[in-house]
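Only one structure is covered here, and it is reproduced in the block below.
By convention here, the first residue in the shown sequence is residue 1. Basis for what follows: all heavy atoms, side chains included, without hydrogens, waters or symmetry-related copies.
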Amino acid sequence: DRAVSDAVASFIALARDDLEVARKLIDDHPRSAAFHVEQAAEKLLKAVLTAESIIFSANHHQLGKLAEALPADHVWRADLMAFDAYTTYATATRYPRPGGGMPRTPTKDVIDAAIKTVSSLVGEIEDWCREKLADATRQKRKR
């Protein structure tokens, strides 16, 4: 289905954009860099869920919960479950803490490691999604 293929490709392209922004912001705006790492991880997760035809809420941003939607033996489940470590980057790094204090900022080393982890999977997930969707198209044609 063309719409599914386009959605998957868009999620992956947007994940790449978020990683690029995170790299540019890491030195001067680490909280914003952390947010973009979370966004990239979320978009990769949603690309896989979309390729698998697993329905998810567009408003759902808990990465571990999203990854739990994949079957326990899914090839990407463990890697994507590990993205849950970045869930707090979406909010806890960007809003005042209870009582009004400034949010904690992950260290540059932590953010850099997160960027590398997410970046290392983009190409593999893109290839996997492309193959998965091509297989689904071939199966439909056989019917």
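Atom CD of Glu20 and atom CZ of Arg23 lie 7.5 Å apart (nearest 0.5 Å). The structure places CG of Leu133 at 10.5 Å from CZ of Arg2, a figure rounded to the nearest 0.5 Å. Separating the CD1 atom in Ile111 from the NE2 atom in His36 is a distance of 11.5 Å, to the nearest 0.5 Å. We find the CG-CG distance between Leu70 and Leu49 to be 5.0 Å, quoted to the nearest 0.5 Å.
By the 30° and 60° cut-offs, the orientation of the rings of Trp128 relative to His74 is perpendicular.
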Going by atom type alone, with no hydrogens or angles, which donor-acceptor pairs under 3.5 Å involve a side-chain atom of residues 98-110 and a protein atom two or more places apart or on another chain?
| from | atom 1 | to | atom 2 | distance (Å) |
| --- | --- | --- | --- | --- |
| Thr105 | OG1 | Arg31 | NH1 | 2.5 |
| Thr107 | OG1 | Val110 | N | 3.1 |
| Lys108 | NZ | Asp27 | OD1 | 2.7 |

Under 3.5 Å donor-acceptor pairs involving side-chain atoms of residues 37-45, not counting sequence neighbours:
| from | atom 1 | to | atom 2 | distance (Å) |
| --- | --- | --- | --- | --- |
| Glu42 | OE1 | His61 | ND1 | 3.2 |
| Glu42 | OE2 | Lys46 | NZ | 2.8 |
| Glu42 | OE2 | His61 | ND1 | 2.7 |
| Lys43 | NZ | Asp18 | OD2 | 2.4 |

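A continuous path of hydrophobic side-chain contacts links Ile54 to Ile12 [ILVMFWY only; heavy atoms under 4.5 Å]. Residues Phe35 and Ile115 do not share a hydrophobic cluster, clusters being chains of Ile/Leu/Val/Met/Phe/Trp/Tyr side chains in contact below 4.5 Å. Both Val122 and Leu80 belong to a single network of hydrophobic side chains, linked directly or stepwise wherever heavy atoms of I, L, V, M, F, W or Y lie under 4.5 Å apart.
Shown here are the ring pair (Phe, Tyr, Trp, His ring centres under 6.0 Å) partners of Tyr89, two or more places apart in sequence or in another chain: Tyr86.
The environment of Phe56 atom CZ is dense: over 12 non-hydrogen atoms of other residues, nucleotides or ligands sit within 6.0 angstrom.
For residues 49-72, every residue pair satisfying the salt bridge (Lys or Arg N to Asp or Glu O under 4.0 Å) rule, not counting sequence neighbours, is listed here: Glu52-Lys132. Residues in residues 72-91 take part in no salt bridge (Lys or Arg N to Asp or Glu O under 4.0 Å) pair, two or more places apart or across chains.
Contact check for Phe11 versus Val48: no side-chain heavy atoms found under the 4.5 Å cut-off. When side chains are defined from C-beta on, Lys140 counts as touching Asp1, because their heavy atoms get closer than 4.5 Å.
Under the 4.5 angstrom side-chain criterion for Ile, Leu, Val, Met, Phe, Trp and Tyr, the cluster partners of Val21 are Leu25.
A donor-acceptor contact shorter than 3.5 Å links the side chain of Thr87 to the backbone of Leu63.
The two atoms that bring Val8 and Cys129 nearest to each other are CG1-CB, 3.6 Å, heavy atoms only.
Judged purely by distance below 3.5 Å, without hydrogens or angles, the side chains of Arg16 and Ser119 never pair a donor atom with an acceptor atom.
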